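This report refers to the structure that appears directly beneath it.
Throughout, a chain's letter reflects where its sequence line sits, starting with A, and its residues are numbered from 1. Here the structure is a predicted model, which means the values were calculated and not measured.
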Amino acid sequence: MDWMTDSEEDERFEWDTSDEEEEMSKGNNQEGSSAPPISVSVPSQEFVEAGSSRSSLLLHFVGMGFSEDTVAKAIKDNGEGQPEVILETLLTYAAIEKSSLNSEQSPLDCSLEGEEDVLEDDDSDMSNFEDEGCTEKSSDKDMKLSMLVEMGFPLDEASSAIDRCGSTASVLELADSIHAAQLAAESVDIEGRNTSAPVPRSSFINGSSIKKKRNLLENQRLNRPVHGHKIKKLCSRQSEVNDEGFSSLLKIPMPMIGFSVPNQKTQLAHRKLPEAAIGPPYFYYENVALTPKGVWDTMSRFLYDIEPEFVDSKYFCAANRKRGYIHNLPIQNRFPLLPLQPRTIKEALPMTEKWWPAWDPRTQLNCLQTSISSAKNTERIRSTLVKSGDPPPERVRQYVINECKKWNLVWVGLHKVAPLEPDEIEMLLGFPKNHTRGGGISRTDRYKSLGNSFQVDTVAYHLSVLKNMFPNGINVLSLFSGIGGAEVALHRLGIHLKNVVSVELSEINRNIIRAWWEQTDQTGNLIELPDVQQLNGDKLAQMINSFGGFDLVIGGSPCNNLAGSNRLSRIGLEGKQSSLFYDYFRILDLVKNIMGKNI
DNA sequence: ATTAGGATGACTGGCTAG
DNA sequence: CTAGCCAGTCATCCTAAT
């Protein structure tokens, strides 16, 4: 969960610096790179030196599938000092060429024709993706993979790109896709300056020659370039014709109740899962609902075209928490955790009722986030109220209400507001009291870990269908476990946890889970691992063999680059932390493959 | 070294008036 | 249909205090 504290290293995408080797070997993907299912034997070292001589540079780009004249021209235009600029020029040529051929069959539109509105339709007909036309010849895939690796891309990124774009995508498109992802992730600076200082968004956009070129190609379309859209354009099955473009195809339904919530009358939808989505294993993926446009479309596309279920936890507790869930669980016969949580502030926090002024209309809290209001701020509010008499004038009321909503403040005395205590947040989120307390965790970190967590009652409601299906218990692979929301939810449902493999980067969070595990008298096995990126096929296969497969793969990947409150790096799914979504997908897909073979 | 404080908007969707 | 308004958001980084 603690994504902000790790990996300080600058991961600029550079072609010919001596950092390359170091990046590659210390980078996230080394271990994952050797992972099944695809093995490639291309440890391309010569690429590193390639920039030094013109002929090898030229050869390199020719090897990528560009024609010799084009490469020569691009080198001539740009000089040989900046291979990444050359590549961009080449890609630009190719894009122009491609757009002129666009009315014909593009290699990208592998399965759909005239089905642009598939996602808009009911969930029932999301099935027939991935069928004919997309059957992958593994040798072809391997070849592309090795070419990409030879071009200097990390193996797992190359593999992800192939998955993203389909196996019929050309190497060119794949390279572009990876490159775009890396650009988006790293606020790239072509000149190679130190970019550790935050780059203003506008200068990031306008300062990049790449983007200028792209923007020219994009026929103005966007005042607001979101990288996800570009990725989407490159990879989406809908990309070819549809000029009205990338507006989010997935609508978030209001009210945000998903397929069902307790005590709300809904005619329960029957949903038909796409073939590829059906387990085993069951899986459950979570992230913030209000992402930049197109993010949920992308995530849905990766997760076997399952329609996300958007649910606000305000139907389960006294706080809002708008989240999307992609899962392949049955949706009939859910039941909630008992006792039901109070759903108003005054019931959940009875001591506040006495002090709650009539002019504060809130009955529920806003989303519980990772940091709280300072003491100075609450004191400012108090003194303002003291000075302005009772009842305060409209202007003061507005100020106070705004602050209260922004910081989730509650009334704890006359004219006194205060942020929630950590144990109150634990309760609202459905954790046992003191779940995150002790063990050397600071107050600040408690807030952060809690703010990043599941709302247990909400998740448990969705998972409740497992109880009857697995009376003897389940094996769980829990990714991005955080403080163990999934584990707590399953435990509270009375589902026996046989083996839990919990992957969580933050040591303090792992300690919290370990402590909870030990104090709840679990009889199963808890295996804790630090890093999803280190979790490869070998390890998974070993674990699957040892306890016979996972019944549930559950996790919510980092939202840092998606969440609305992120001022600085809300750059979408390709952001540094949020791109770990692809590891969720990678691992889930590995588990499916490995288990598929064993069954 | 660790912790808390304080400053830092933008994107998105819903709503409504025109 | 559009423009304008409104509300809400699993955050980040630098600095000061402890």
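- Distance, A:D445 CG to C:dA11 C1': 14 Å, rounded to whole Å.
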- Annotated structure of DNA chain C as dot-bracket, pair cut-off 3.5 Å, Watson-Crick or G-U only, | for inter-strand, is |||||||||.||||||||

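- A straight line from CD of A:Q577 to C1' of C:dC10 spans 12 Å, rounded to a whole angstrom.
- Comparing the same atom, P, in C:dC10 and in B:dT8 gives a spacing of 23 Å after rounding to whole Å.
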- Chi angles and distances behind the salt bridge (charged side-chain N to carboxylate O under 4.0 Å, His left out) call for A:E309, A:R334: CA-CA 14 Å; A:E309 176 173 12; A:R334 292 167 163 178; 2.9 Å; yes

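- In summary, of the residues considered (A:K448, A:R443, A:R446), a side chain to side chain donor-acceptor pair (under 3.5 Å) with A:T436 occurs for A:R446 alone.
- Straight-line distance from the CG atom of A:N566 to the P atom of B:dA10: 13 Å, rounded to whole Å.
- Backbone-only contact: A:R443 has heavy atoms under 4.0 Å from sugar-phosphate atoms and none from a base.
- No close placement of the A:H415 and A:W355 rings is indicated, their centers lying 6.0 Å or farther apart.
- Ring pair A:Y285/A:F581: centre-to-centre distance below 6.0 Å.
- Using a 4.0 Å heavy-atom distance criterion, A:K405 is classed as a sugar-phosphate-only contact.
- Atom P of nucleotide C:dT9 and atom NZ of A:K406 are separated by 13 Å, given to the nearest angstrom.
- When distances are taken from the side chain of A:N366 to each of C:dC10, C:dG8, C:dT12, the shortest belongs to C:dG8.
- Nucleic acid contact for A:I252: sugar-phosphate only, since backbone atoms but no base atoms lie under 4.0 Å from a heavy atom of the residue.
- Electrostatic pairing of A:R514 and A:E528 counts as a salt bridge here, judged by a charged N lying under 4.0 Å from a carboxylate O.
- Rounded to a whole Å, the CZ atom of A:F310 is 13 Å from the P atom of C:dC10.
- Residue side chain A:R567 does not reach the base of C:dC13 through any donor-acceptor N/O pair under 3.5 Å, judged by distance alone.
- Residues A:G451 and A:Q398 both approach DNA chain C. Their nearest nucleotides, taken by heavy-atom distance, put A:Q398 toward the 5′ side.
- The CH2 atom of A:W407 sits 16 Å away from the C1' atom of C:dA7 (whole-angstrom rounding).
- Ring-centre distance between A:F431 and A:W516: not below the 6.0 Å cut-off.
- The residue among A:A375 and A:L290 whose nearest nucleotide of DNA chain B lies closer to the 5′ end is A:A375.
- A salt bridge does not link A:E379 to A:K376: none of the charged nitrogens lies less than 4.0 Å from a carboxylate oxygen.
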